[in-house]
Number of protein chains: 2
Amino acid sequence: MANLDRIFHALSDPTRRAVIERLRDGGASVSELAQPFDMALPSFLKHLGVLERAGLIESDKQGRTRHCHLADGALVPVSAWMADQRALWEGRTDRLAAFVEQKDANP
Amino acid sequence: MANLDRIFHALSDPTRRAVIERLRDGGASVSELAQPFDMALPSFLKHLGVLERAGLIESDKQGRTRHCHLADGALVPVSAWMADQRALWEGRTDRLAAFVEQKDANP
DNA sequence: GTCAAGATTAGCCATGTGGCTAAGTAATCG
DNA sequence: CGATTACTTAGCCACATGGCTAATCTTGAC
């Protein structure tokens, strides 16, 4: 499975999108992340696995707790694909290309 | 399944993304779209079904052929979510908000 | 050293996905 | 009318996904 496949797949689930939205406010442990969801921990861990395999989040274990945070620039492949589509789709290549360039130069 | 779920799911498959990329160049019939893929037609039709249920493409039957085209503004929910994420994530609300505004004002 | 907490693994289950073939329907062509 | 074309439907299959419980491992707190 290509990377873009994994990323889009990871984003296709509301639980996983919620985790990403939650992580915007800063990193958190697995159980902190799991707390809002009415789901057993192993089930939730699978979602984290999907997000991590897609490169959207990263984590490292500190003692017995695992800390998760957003991966830097994780959504760049998506926004690049999106920009590509929108640009050619809507015939506004110039402005979107500029946007992407700016984004890459200034991440 | 929410709409964003369906859209992201639809985009998570390379065949379906290729169809979208192909449709940027203009509408096409089912068999024209299917031609590049080494896949039986019923299998391919399922992909078209996923794209259509996600609201990414539309189609109408003319005689015995079905013509498909991109749905207008289909990717807006995605780019809105993306912009939302990137803005808060990267703390560059201003420029991204401007970008989205510009896009909405000038579609 | 014992025990609780946090995470993980193993394994089960129902359902969904993505592929196929075969057979059916509807419209055009000769 | 009959044949061909262009989809469509039905139904099968293997495998992935998303949920669970139960058991395990590791670390931190007494």
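Convention: sequence-line order gives letters A, B, ...; per-chain numbering from 1.
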Rounded to whole Å, the CZ-C1' distance (B/Arg64 to D/dA3) equals 11 Å
Looking only at D/dC20, C/dG6, C/dG18, the nucleotide nearest the A/Thr65 side chain is C/dG6
Given side chains that start at C-beta, do those of B/Val78 and A/Met82 come closer than 4.5 Å, heavy atoms only? yes
(message) Test your reading of the model: is there a side-chain donor-acceptor pair from B/Glu32 to the backbone of B/Ser29, 3.5 Å cut-off?
(response) yes
Ranking A/Leu41 and A/Gln62 by the position along DNA chain D of their nearest nucleotide, the one closer to 5' is A/Leu41
Atom CD of B/Glu32 and atom C1' of D/dT5 are separated, to the nearest Å, by 14 Å
> Do the side-chain N or O atoms of B/Thr15 get closer than 4.0 angstrom to the phosphate oxygens (OP1, OP2) of C/dG18?
Replying inline: no
query: Within the structure, does a side-chain N or O atom of B/Lys61 lie under 4.0 Å from either OP1 or OP2 of C/dA26?
result: no
From CE of B/Met39 across to C1' of D/dC7 the rounded distance in Å is 17 Å
When rounded to the nearest 0.5 Å, the distance separating CZ of B/Arg24 from CG of B/Leu70 is 9.0 Å
note: A/Asp60, atom CG; C/dA7, atom P; distance rounded to Å ~ 12 Å
task = Test B/Met39 against B/Thr15 for side-chain contact (heavy atoms from CB on, under 4.5 Å), laying out the working first.
result = CA-CA 10 Å; B/Met39 187 184 295; B/Thr15 299; 3.9 Å; yes
Check your understanding: Within the side chain of A/Arg17, is there an N or O that forms a donor-acceptor pair under 3.5 Å with the backbone of A/Leu11?
Key -> yes
Practice problem: Indicate whether OP1 or OP2 belonging to D/dA6 is found under 4.0 Å from a side-chain N or O atom of B/Arg66. | Solution: no
Rounded to whole Å, CZ of A/Phe44 lies from P of C/dT9 at a distance of 16 Å
Separation of D/dT8 atom C1' from B/His47 atom NE2, nearest Å, is 16 Å
B/Leu45 atom CG is separated from C/dT17 atom P, nearest whole Å, by 16 Å
Q) Is there a side-chain polar atom (N or O) of B/His9 under 4.0 Å from OP1 or OP2 of C/dG16? A) no
> Would you say A/Ser43 reaches D/dC20's phosphate, i.e. side-chain N/O to OP1/OP2 under 4.0 Å?
Replying inline: yes
A/Leu48 CG to D/dT17 C1', in whole Å, measures 16 Å
With the side chain defined as heavy atoms from C-beta on, B/Ser29 is closest, among C/dG18, D/dC7, C/dT8, to D/dC7
